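Each chain gets a letter, A, B and so on, in the order the sequences are listed, and its residues count up from 1. Hydrogens, waters and symmetry mates play no part in the numbers below; they use all other heavy atoms, side chains included. Predicted model only: the values in this text are computed from it and were never measured.
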Amino acid sequence: DVKVTQSSRYLVKRTGEKVFLECVQDMDHENMFWYRQDPGLGLRLIYFSYDVKMKEKGDIPEGYSVSREKKERFSLILESASTNQTSMYLCASSFLRVRGSLSYEQYFGPGTRLTVT
Amino acid sequence: QKEVEQDPGPLSVPEGAIVSLNCTYSNSAFQYFMWYRQYSRKGPELLMYTYSSGNKEDGRFTAQVDKSSKYISLFIRDSQPSDSATYLCAMNSGGYQKVTFGTGTKLQVIP
């Protein structure tokens with residue numbers, strides 16, 4: 001079974017704090033993703049990474065950064081948390097290719113519900 | 001206009017009913033189509049994955065893609081209370097890892 005774990009289920013932080021969200025996958029997936037999920041807006045991609053030390057901006061990267069020092073671990077960093085970053089944060093991972101074809105099947109972690117006050 | 005449109009529901013059905021969940025999309029380049037199920041306070045889990053047009057069946061679930069109409073469906077037969085969840089459609093045009101998600105339809109199956 002694919003397992004994607006996230007460091008916290010619930011997190012409460014104050015405005016201006018630096019926040020680290022950690023994600024670990026155990027399937028040797030090349031790709032890792034960070035999304036946020038908000039009511040009525042669905043899942044929005046923040047950043048993704050297709051290899052160690054590689055990162056690509058998603059649709060809403062402003063206010064976030066990421067780090068991927070090891071293949072199995074992908075961190076999301078909120079440099080200075082703001083109230084509009086209160087959200088559910090979801091990490092996902094996937095293989096780059098399956099049976100020679102590009103793969104789009106993403107496996108998600110349980111999510112971190114972040115509240116910024 | 002959003003690239004992927006999905007009715008948010010909620011959709012309430014009695015146990016045993018056939019459920020039809022749908023998404024429409026505007027990007028004709030989409031070729032890979034997925035359905036995810038998300039229980040409350042959990043991450044989405046992949047249910048079905050199809051490529052291009054046609055049907056795919058897995059147990060009580062059938063995924064249908066009509067590229068000519070830019071319309072995809074997920075059918076659930078003999079619905080169970082344990083099917084109560086939010087269902088998200090997702091799609092991709094190929095050649096790039098980004099997946100576009102619908103906003104999800106909340107389904108409630110009443111015992």
Report yes or no: do [X] and [Y] belong to one cluster of Ile/Leu/Val/Met/Phe/Trp/Tyr joined by side chain heavy-atom distances under 4.5 Å?
X	Y	answer
B:Tyr25	B:Leu47	yes
A:Leu45	A:Leu21	no
A:Val52	A:Tyr47	no
B:Phe61	B:Trp35	yes
A:Tyr50	A:Val66	no

Problem set entry | Contacting region of A:Asp59 [heavy-atom separation from chain B under 4.5 Å] |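 For A:Asp59, side-chain heavy atoms alone lie under 4.5 Å from chain B.
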Problem set entry | Which portion of A:Tyr89 sits near chain B, non-hydrogen atoms under 4.5 angstrom | neither
Problem set entry | Qualifying residues under salt bridge (charged side-chain N to carboxylate O under 4.0 Å, His left out), relative to B:Asp58, sequence neighbours excluded | none
Problem set entry | CG-CZ distance between A:Leu90 and B:Phe101, expressed to the nearest 0.5 angstrom | 9.0 Å
For this session: Could you grab the distance from atom CE of A:Met88 to atom NZ of B:Lys42, nearest 0.5 Å is fine?
Result: 10.5 Å
For this session: Show your reasoning for whether side chain to side chain contact (heavy atoms under 4.5 Å, CB included) applies to B:Leu46 and A:Gln106.
Result: CA-CA 7 Å; B:Leu46 183 66; A:Gln106 296 183 15; over 6 Å; no
Exercise. Apart from A:Phe20 itself, which Ile, Leu, Val, Met, Phe, Trp or Tyr residues share its cluster (side-chain heavy atoms under 4.5 Å, direct or through members)?
Worked result: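 When side chains under 4.5 Å apart are linked, the cluster holding A:Phe20 also contains A:Ile77.
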Exercise. Relative to chain B, which of A:Arg113, A:Gln37, A:Gln6 shows the most heavy atom pairs under 4.5 Å?
Worked result: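 When all of A:Arg113, A:Gln37, A:Gln6 are compared, A:Gln37 has the most.
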Problem set entry | Atom NZ of B:Lys106 with >12 non-hydrogen neighbours under 6.0 angstrom | no
Exercise. If you count heavy-atom pairs under 4.5 Å between each of B:Gln6, B:Lys2, B:Met34 and chain A, which one has the most?
Worked result: B:Met34
Exercise. Under 4.5 Å between any side-chain heavy atoms of B:Leu88 and A:Leu43, yes or no?
Worked result: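 SC-SC contact between B:Leu88 and A:Leu43 confirmed.
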Exercise. Is there a donor-acceptor contact under 3.5 Å from the side chain of A:Arg9 to the main chain of B:Arg41?
Worked result: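 Confirmed, A:Arg9 side chain pairs with B:Arg41 backbone.
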Problem set entry | Side chain B:Tyr36, main chain A:Tyr107, donor-acceptor under 3.5 Å | no
Exercise. Which region of B:Pro44, side chain (C-beta onward) or backbone (N, CA, C, O), has a non-hydrogen atom less than 4.5 Å from a non-hydrogen atom of chain A, or is it both or neither?
Worked result: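 Both the backbone and the side chain of B:Pro44 come within 4.5 Å of chain A.
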